[in-house]
Amino acid sequence: MKVLIGDDHSVVRKGLKMIIEEEYPNALIAEAIDGADLIKKSSSENWDIIISDISMPGRSGVEIIKTLKEINPKTPILILSVHAPEQYAVRTLKAGASGYLTKESAPEDLVKAIKQITGGRKYITPDIAEMLIEHQGMKEDSLQHKQLSNREFEVMKLLAYGKKVSDIGEELSLSINTISTYRTRILEKMHMNNNAELTKYAINNGLI
């Protein structure tokens with residue numbers, strides 16, 4: 001079993017490694033500390049599974065999934081995130097991930113998810129399955145944030161959390177002007193006037 005773990009927190013990587021090695025004592029496990037590192041190591045050799053956080057410095061998690069699938073379409077990807085499934089599960093699965101797991105449930109469900117995914121199936125909980133069904137049945141414009149691109153959605157969430165444009169730019173490795181352009185575009189698409197309205201919307205729709 002060859003596993004590539006992508007997470008910017010060493011404690012998380014260590015914890016995941018311990019869980020995996022308990023079930024697969026001879027597993028070869030490599031670690032990546034951010035999106036760029038994950039992409040680089042995924043290109044260097046073939047992996048049985050890639051386990052990645054959705055929020056790491058640099059490129060957004062959904063963009064990374066698409067890049068990883070371009071590099072090796074056959075390598076399954078399990079997303080492990082602190083975010084509740086309703087925030088990112090549908091987006092990550094549509095981008096090509098084979099499963100979505102919260103870090104809270106990882107100790108109990110990680111091995112089960114790995115076995116299911118490496119066995120050629122997707123790991124989808126009943127809650128996520130219901131979200132996928134609802135997503136297919138609703139119009140794309142039924143919720144304002146559905147109109148946003150993956151990068152816009154990520155920036156919108158950070159704005160809703162109250163982060164400054166400069167801080168968001170640093171976190172995503174983008175210029176202040178680029179983040180400002182995203183902010184303008186987000187407000188226009190969502191028909192809102194300021195960050196306070198974004199925050200209220202995000203809270204009401206369980207996005208933060």
Side-chain angles (χ1 to χ4, degrees), residues 6-8 32 34-40 42 50-73 75-103 122-124 127-128 131-136 138-163 165 167-192 195 197-199 201-203 205-208:
D7 198 290
D8 55 324
D34 57 29
D37 192 26
L38 184 65
I39 291 170
K40 180 181 178 181
S42 69
I50 295 174
I51 302 172
S52 176
D53 188 3
I54 192 69
S55 302
M56 292 191 290
R59 301 169 63 183
S60 74
V62 175
E63 289 181 347
I64 291 174
I65 293 170
K66 292 180 178 178
T67 301
L68 292 174
K69 298 304 287 186
E70 288 173 1
I71 294 170
N72 194 335
T75 302
I77 302 168
L78 172 63
I79 293 300
L80 194 64
S81 175
V82 295
H83 301 293
E86 57 267 22
Q87 295 186 31
Y88 277 110
V90 173
R91 286 178 181 265
T92 56
L93 291 168
K94 286 181 67 178
S98 295
Y100 189 97
L101 193 64
T102 62
K103 290 183 178 180
K122 291 188 181 295
Y123 181 78
I124 299 174
D127 287 346
I128 294 177
M131 287 177 211
L132 288 169
I133 293 171
E134 290 177 357
H135 181 79
Q136 289 177 342
M138 68 171 58
K139 295 180 180 178
E140 282 297 314
D141 60 353
S142 59
L143 287 173
Q144 290 158 287
H145 70 274
K146 298 290 184 183
Q147 304 174 55
L148 303 179
S149 68
N150 292 318
R151 177 63 92 182
E152 289 169 349
F153 178 70
E154 185 170 31
V155 172
M156 183 274 288
K157 285 191 64 205
L158 294 172
L159 289 169
Y161 271 118
K163 293 196 173 186
V165 169
D167 294 334
I168 296 173
E170 184 176 347
E171 182 171 334
L172 300 180
S173 300
L174 296 171
S175 70
I176 293 176
N177 287 339
T178 299
I179 298 300
S180 296
T181 299
Y182 275 124
R183 178 182 179 276
T184 299
R185 197 182 302 160
I186 290 164
L187 291 173
E188 287 177 353
K189 284 187 176 182
M190 298 183 69
H191 306 290
M192 295 182 182
N195 292 5
E197 291 182 10
L198 288 176
T199 300
Y201 175 90
I203 292 172
N205 287 279
L207 301 177
I208 62 174

task = Check salt bridge (charged side-chain N to carboxylate O under 4.0 Å, His left out) between Asp37 and all other residues, then give those that pass, not counting sequence neighbours.
result = Lys41
Result of checking Ile176, Asn195, Thr178, Leu158 against Val165 for side-chain contact (heavy atoms from CB on, under 4.5 Å) = Ile176
Closest non-hydrogen atom pair, Leu159 against Ile168 = CD2-CD1, 3.6 Å
query = Looking at residues at least two apart in the chain, or sitting in another chain, which of them share a salt bridge (charged side-chain N to carboxylate O under 4.0 Å, His left out) with Lys69?
reply = none
key: Stepwise side chain to side chain contact (heavy atoms under 4.5 Å, CB included) test for Asp7 and Leu80   = CA-CA 9 Å; Asp7 198 290; Leu80 194 64; 5.8 Å; no
query = How many angstroms lie between atom CD1 of Ile186 and atom OG1 of Thr181, to the nearest 0.5 angstrom?
reply = 10.5 Å
message = Are there over 12 heavy-atom neighbours, none belonging to Lys122, within less than 6.0 Å of that residue's NZ?
response = yes
query = Roughly how far apart are Leu78 CG and Tyr123 OH, rounded to 0.5 Å?
reply = 9.0 Å
inquiry  = I'd like to know whether CD of Glu170 has more than 12 heavy-atom contacts from other residues, nucleotides or ligands below 6.0 angstrom.
reply    = no
query = Which residue pairs satisfy the salt bridge (charged side-chain N to carboxylate O under 4.0 Å, His left out) criterion with at least one member in residues 175-188, sequence neighbours excluded?
reply = Glu152-Arg185
inquiry  = So, taking the atom named OG1 in Thr199 and the one named CE in Met156, what distance separates them when rounded to the nearest 0.5 Å?
reply    = 9.5 Å
query = Which atom pair, heavy atoms only, marks the closest approach of Ala95 to Val62?
reply = CB-CG1, 3.8 Å
key: Reported CD1-to-CD1 distance for the pair Ile50 and Ile71, which is rounded to 0.5 angstrom   = 7.5 Å
key: Nearest-0.5 Å distance, NZ of residue Lys163 to NZ of residue Lys157   = 10.0 Å
request  = Dump the intermediate steps for side chain to side chain contact (heavy atoms under 4.5 Å, CB included) on Ile54 and Arg91, then the final yes or no.
outcome  = CA-CA 11 Å; Ile54 192 69; Arg91 286 178 181 265; over 6 Å; no
key: Minimal non-hydrogen separation, Met190 against His145, with atom names   = CE-N, 4.1 Å
remark   = All heavy atoms of Ala89 vs all of Tyr100, minimum pair found to be CA-CD1, 3.7 Å
query = Closest heavy-atom contact between Ile65 and Ala97?
reply = CG2-N, 3.8 Å
task = Compare every heavy atom of Leu68 with every heavy atom of Ser42, then report the nearest pair and how far apart it is.
result = OG-CD2, 3.1 Å
key: Distance (rounded to the nearest 0.5 Å) between Tyr182 OH and Lys189 NZ   = 9.5 Å
ask   = Is there a side chain to side chain contact (heavy atoms under 4.5 Å, CB included) between Leu187 and Leu198 once you walk through the steps?
value = CA-CA 8 Å; Leu187 291 173; Leu198 288 176; 3.9 Å; yes
message = Run the salt bridge (charged side-chain N to carboxylate O under 4.0 Å, His left out) test on Glu154 and Arg151 for me, step by step, so that the C-alpha distance in whole Å, both residues' side-chain angles and the decisive distance to 0.1 Å come before the verdict.
response = CA-CA 5 Å; Glu154 185 170 31; Arg151 177 63 92 182; 3.2 Å; yes
